Q: 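My structure is below; once you've seen it, I'll send some questions.
Since we're looking at a predicted model, the values are computed, not measured. Residues: numbered from 1 along the sequence shown.
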Amino acid sequence: MQKIDLNGKTILVTGCPGFIGANLVIRLLKEMTSGTVVSLDNMNDYYDPTLKEYRLSLVEKEALSSPVKHVFVKGSIGNKVLIDELFDKYHFDVVVNLAAQAGVRYSIDHPDVYMESNIIGFYNILEACRHHPVEHLVYASSSSVYGGNKRVPFSTDDKVDNPVSLYAATKKSNELLAHAYSKLYDIPSTGLRFFTVYGPAGRPDMFYFSATQKLVAGKTIQIFNYGDMKRDFTFIDDIVEGVFRVMQGAPERKTGEDGLPVPPYAVYNIGGGQPENLLDYISTLQEELVNAKVLPEDYDFEGHRELVGMQAGDVPVTYADSTALEKDYGFTPRIGIREGLHAFAQWYAQYYTKE
């Protein structure tokens, strides 16, 4: 592994002020002693843009007291001209590509945006890294690549050739494209398969957030597969810690027996490693919403639950084997759902009751 000191570097983080991107940039602004961080996002309306604007305000507030220069650029990674201009101007040392059209269910009805962002956009990033060599390209993959994999916990050694959603297929494509570019052009790249990320100021389309909004509005929440679901819920701080560590350790460039580069390429899971039953997760969420006074103590939770069947594109169990991350970077996610959902509920109470 090639160690990288991030201080003094010029770093591109796409998908900021998205959920993971904004938290990562705030971490970089806190930790780095010098350098430049460029954030790029198209600020689309897949979910309420005011949430992205809120996260961007947190980033910009952190930048005021940071020795690191922060630049926000509004634009899409699908815009090749823009991407080439940014790489020409900044000569990035490290690139973290978190920009993507997210969501398994949304991909069923809106395939075009997944092709533009997740395929064409990632290709644009790879081409830019080819023509403007970088020390490390880190990019977001997803636990969804495991599809209907029956073997748990999910390991990066498992075959992932049977995606059950277009979103998953685009993320697997990212890994394949990165491998090809690593081999052909000696680009050190690391893919990170994230497992069900949650936390304060998260994505409103994620279950814990959308369920909270429905309960607050007195609506019924649907619990898929009749509650027989398990997820490796991973708190945002754990995800950021994992990405931050991985950025600082790139796969080494080596030459194979054929005289060509051995692809400096790696893929890791980042997941809690503690699969939680969906009903337990919901009960914990409800308790924390009551504690935060988001919901009254006498709220009729049973009356606002509806157990339904499995949705297309979903899988019953996701569970990460993160031993490789522990071995190579000394890190395994540690934050449990009680602590994580407490933080979310407290944030929700503050954010939605502020004047």
Q: Does some side-chain heavy atom of Ser144 sit less than 4.5 Å from a side-chain heavy atom of Arg193?
A: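 Answer no - side chains too far apart.
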
Q: I would like to know whether Arg231 and Glu276 meet salt bridge (Lys or Arg N to Asp or Glu O under 4.0 Å); could you show each step before the answer?
A: CA-CA 5 Å; Arg231 285 288 181 271; Glu276 301 284 353; over 6 Å; no

Q: Tell me the closest heavy-atom pair linking Asn124 and Ile83, and the distance in Å.
A: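 Heavy atoms only, the tightest pair is O-CG2, 3.9 Å.
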
Q: Check whether any side-chain heavy atom of Leu166 lies under 4.5 Å from a side-chain heavy atom of Met115, and answer yes or no.
A: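 The answer is yes; the side chains approach within 4.5 Å.
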
Q: Under 3.5 Å, which donor-acceptor pairs link side chains of residues 86-101 to any protein atom two or more places apart or in another chain?
A:
from: Asp88; atom 1: OD1; to: His132; atom 2: NE2; distance (Å): 2.6
from: His91; atom 1: NE2; to: Asp88; atom 2: O; distance (Å): 3.0
from: Asp93; atom 1: OD2; to: Thr10; atom 2: N; distance (Å): 2.8
from: Asn97; atom 1: OD1; to: Thr14; atom 2: OG1; distance (Å): 2.6

Q: Apply side chain to side chain contact (heavy atoms under 4.5 Å, CB included) to Val160 and Asn149, showing your working.
A: CA-CA 8 Å; Val160 287; Asn149 187 6; 5.8 Å; no

Q: Are a donor atom and an acceptor atom from the side chains of Lys52 and Asn44 found within less than 3.5 Å of each other?
A: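 Result is yes, a qualifying pair exists.
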
Q: Quick one: does Tyr46's side chain have a donor or acceptor within less than 3.5 Å of a partner on Asp205's backbone?
A: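 Pair absent, no side-chain N/O of Tyr46 close to backbone of Asp205.
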
Q: Rounded to the nearest 0.5 Å, what's the gap from OH on Tyr123 to CZ on Arg130? Could you check?
A: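 It comes to 7.5 Å.
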
Q: Looking only at the side chains, is there a donor atom on one of Asp328 and Tyr268 sitting less than 3.5 Å from an acceptor on the other?
A: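 Side-chain D/A pair, Asp328 to Tyr268: present.
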
Q: Between the side chains of Thr33 and Asn7, does any donor sit under 3.5 Å from an acceptor?
A: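 There is such a pair (donor and acceptor under 3.5 Å, judged by atom type) between the side chains of Thr33 and Asn7.
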
Q: Using the rule side chain to side chain contact (heavy atoms under 4.5 Å, CB included), only one of Leu341, Leu278, Thr284 pairs with Phe233; which is it?
A: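 Result for side chain to side chain contact (heavy atoms under 4.5 Å, CB included) with Phe233: Leu278.
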
Q: Heavy-atom distance under 4.5 Å between the side chains of Phe72 and Pro17, does that happen here?
A: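 Of all side-chain heavy-atom pairs linking Pro17 with Phe72, at least one is under 4.5 Å.
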
Q: Could you tell me the separation between the CD atom of Glu175 and the CG atom of Leu192, rounded to the nearest 0.5 Å?
A: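 If I round to the nearest 0.5 Å, the distance is 9.5 Å.
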
Q: Can you check whether Phe209 and Phe344 have ring centres sitting under 6.0 Å from each other?
A: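 Distance test on ring centres: under 6.0 Å, yes.
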
Q: Does the side chain of Val267 reach to within under 4.5 Å of the side chain of Ser141, using non-hydrogen atoms?
A: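 With C-beta onward as the side chain, the pair stays apart.
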
Q: Hey, are the side chains of Thr220 and Lys214 touching, using non-hydrogen atoms and a 4.5 Å cut-off?
A: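 The answer is no; the side chains never approach within 4.5 Å.
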
Q: Assess, by modelled atom type and distance only, whether the side chains of Tyr198 and Arg203 contain a donor and an acceptor separated by less than 3.5 Å.
A: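 Distance-only check fails for Tyr198 and Arg203.
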
Q: Hydrophobic clustering (ILVMFWY, side-chain heavy atoms < 4.5 Å, transitive) - are Leu40 and Leu51 grouped together?
A: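 Per the 4.5 Å side-chain linkage, Leu51 and Leu40 are not co-clustered.
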
Q: Has the side chain of Ser173 got a donor or acceptor atom that lies under 3.5 Å from a matching backbone atom of Ala169?
A: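 Yes; judged by distance alone, with no hydrogens or angles, the pair exists.
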
Q: May I ask whether Val290 and Ile282 are part of the same hydrophobic cluster, defined by side-chain heavy atoms of I, L, V, M, F, W, Y residues being less than 4.5 angstrom apart, directly or through others?
A: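 Yes, same cluster.
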
Q: What is the distance from atom OG of Ser39 to atom CG of Leu12, rounded to the nearest 0.5 Å?
A: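 CG of Leu12 is found 8.0 Å from OG of Ser39.
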
Q: Within a strict 4.5 Å, meaning less than it, do heavy atoms of the Glu116 and Ser76 side chains meet?
A: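 Yes. Closest side-chain heavy atoms under 4.5 Å.
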
Q: Taking all heavy atoms of Asn277 and all of Lys230, pick out the closest pair and write down the distance.
A: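 Scanning both residues, the minimum pair turns out to be CA-CG, 4.2 Å.
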
Q: Under the criterion side chain to side chain contact (heavy atoms under 4.5 Å, CB included), I'd like the reasoning laid out for Thr36 against Ile11: C-alpha separation, chi angles, the key distance, then a yes or no.
A: CA-CA 6 Å; Thr36 300; Ile11 299 170; over 6 Å; no

Q: For residues Ser182 and Ser189, is any side-chain donor paired with an opposing acceptor at under 3.5 Å?
A: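 The criterion, which ignores hydrogens and geometry beyond distance, is satisfied for Ser189 and Ser182.
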
Q: Of Phe194, Phe122, Tyr181, which meets ring pair (Phe, Tyr, Trp, His ring centres under 6.0 Å) against Tyr139?
A: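 So the option named by the test is Phe122.
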
Q: Once rounded to the nearest 0.5 Å, what's the spacing between atom NZ of Lys183 and atom CD1 of Ile187?
A: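 Between atom NZ of Lys183 and atom CD1 of Ile187 there are 13.5 Å.
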
Q: To the nearest 0.5 Å, how far apart are CG in Leu295 and OG1 in Thr212?
A: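 One finds 7.5 Å between CG of Leu295 and OG1 of Thr212.
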
Q: Measure the acute angle between the ring planes of Trp347 and Tyr352, then classify it against the limits of 30° and 60° as parallel, tilted or perpendicular.
A: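 If you compare the ring of Trp347 with that of Tyr352, the planes turn out perpendicular.
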
Q: Membership question, hydrophobic clusters at under 4.5 Å side-chain separation (ILVMFWY): are Val13 and Val73 in the same one?
A: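 No, no single cluster joins them.
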
Q: So, for His70 and Ala63, which heavy atoms are closest and what is the spacing to 0.1 Å?
A: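 Taking every non-hydrogen atom into account, CB-CB, 3.9 Å.
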
Q: Side chain to side chain contact (heavy atoms under 4.5 Å, CB included) between Phe195 and Ile239: does it pass, once the steps are laid out?
A: CA-CA 9 Å; Phe195 280 69; Ile239 290 288; over 6 Å; no

Q: Does NZ or CZ of Lys171 fall inside the cone over Tyr114's six-membered ring, less than 6.0 Å from its centre and within 45° of the axis?
A: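 No, Lys171 does not lie over the aromatic ring of Tyr114.
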
Q: Please determine whether a side-chain nitrogen of the Lys or Arg among Asp158 and Arg151 lies less than 4.0 Å from a carboxylate oxygen of the Asp or Glu.
A: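 Salt bridge between Asp158 and Arg151, a charged N being under 4.0 Å from a carboxylate O: yes.
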
Q: Distance-only, no hydrogens or angles: does the Ser322 side chain make a donor-acceptor pair with backbone N or O of Leu325 under 3.5 Å?
A: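 No, the answer is negative, given that no donor and acceptor are paired below the 3.5 Å cut-off.
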
Q: Under 4.5 Å between side-chain heavy atoms, counting indirect links through other Ile/Leu/Val/Met/Phe/Trp/Tyr residues: same cluster for Leu82 and Met43 or not?
A: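 The answer is no; the residues belong to distinct hydrophobic clusters.
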
Q: Enumerate the residue pairs fulfilling side-chain hydrogen bond (donor to acceptor under 3.5 Å, both in side chains) with a member in residues 233-245, sequence neighbours excluded, ordered by first and then second residue.
A: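 Those involving residues 233-245 are Arg27-Glu241, Glu241-Arg245.
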
Q: Looking just at side-chain N and O atoms, do Asn162 and Tyr146 make a donor-acceptor pair shorter than 3.5 Å?
A: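 Not at all, the side chains of Asn162 and Tyr146 share no donor-acceptor pair under 3.5 Å.
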
Q: Passes side chain to side chain contact (heavy atoms under 4.5 Å, CB included), Leu28 versus Val68? Steps please.
A: CA-CA 8 Å; Leu28 293 172; Val68 178; over 6 Å; no

Q: What is the minimum heavy-atom distance between His136 and Thr190, and which atoms define it?
A: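 Smallest heavy-atom distance, with atoms named: NE2-OG1, 2.8 Å.
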
Q: Has the side chain of Asn23 got a donor or acceptor atom that lies under 3.5 Å from a matching backbone atom of Phe19?
A: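 At least one qualifying donor-acceptor pair exists.
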
Q: Does the side chain of Ile108 come within less than 4.5 Å of Tyr167's, by heavy atoms?
A: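 When only atoms from C-beta onward are counted, Ile108 and Tyr167 do not touch, as no gap falls below 4.5 Å.
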
Q: For the residue pair Val294 and Ala349, what are the closest heavy atoms and their distance?
A: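 Here Val294 and Ala349 meet closest at CG2-CB, 3.7 Å.
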
Q: Compare all side-chain heavy atoms of Phe154 with those of Val145 and state whether any distance is below 4.5 angstrom.
A: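 Phe154 vs Val145: side chains apart.
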
Q: Out of curiosity, does Ile221 fall in the hydrophobic cluster containing Ile337 (side-chain heavy atoms, cut-off under 4.5 Å, transitive links)?
A: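 Ile337 and Ile221: one cluster.
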
Q: Tabulate below the donor-acceptor pairs under 3.5 Å that side-chain atoms of residues 296-307 make, not counting sequence neighbours, or state none.
A:
from: Tyr299; atom 1: OH; to: Leu215; atom 2: O; distance (Å): 2.6
from: Asp300; atom 1: OD1; to: Gly303; atom 2: N; distance (Å): 3.1
from: His304; atom 1: ND1; to: Asp300; atom 2: O; distance (Å): 2.6
from: His304; atom 1: NE2; to: Gly218; atom 2: O; distance (Å): 3.4
from: Arg305; atom 1: NH2; to: Ser283; atom 2: OG; distance (Å): 3.3
from: Arg305; atom 1: NH2; to: Gln286; atom 2: OE1; distance (Å): 3.0

Q: Would you say the side-chain atoms of Asp321 pair up with the backbone N or O of Pro153, donor to acceptor, closer than 3.5 Å?
A: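 No.
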
Q: How many angstroms lie between OH in Tyr281 and OG1 in Thr196, if you round to the nearest 0.5 Å?
A: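 Going from OH on Tyr281 over to OG1 on Thr196, the span is 8.0 Å.
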
Q: Is a side-chain N or O of Arg253 found less than 3.5 angstrom from the main chain of Asp186, in a donor-acceptor match?
A: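 Answer holds: yes.
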
Q: Please report the shortest heavy-atom distance between Asp232 and Gly271, naming the atom on each side.
A: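 Heavy atoms of Asp232 and Gly271 come nearest at OD2-C, 3.9 Å.
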
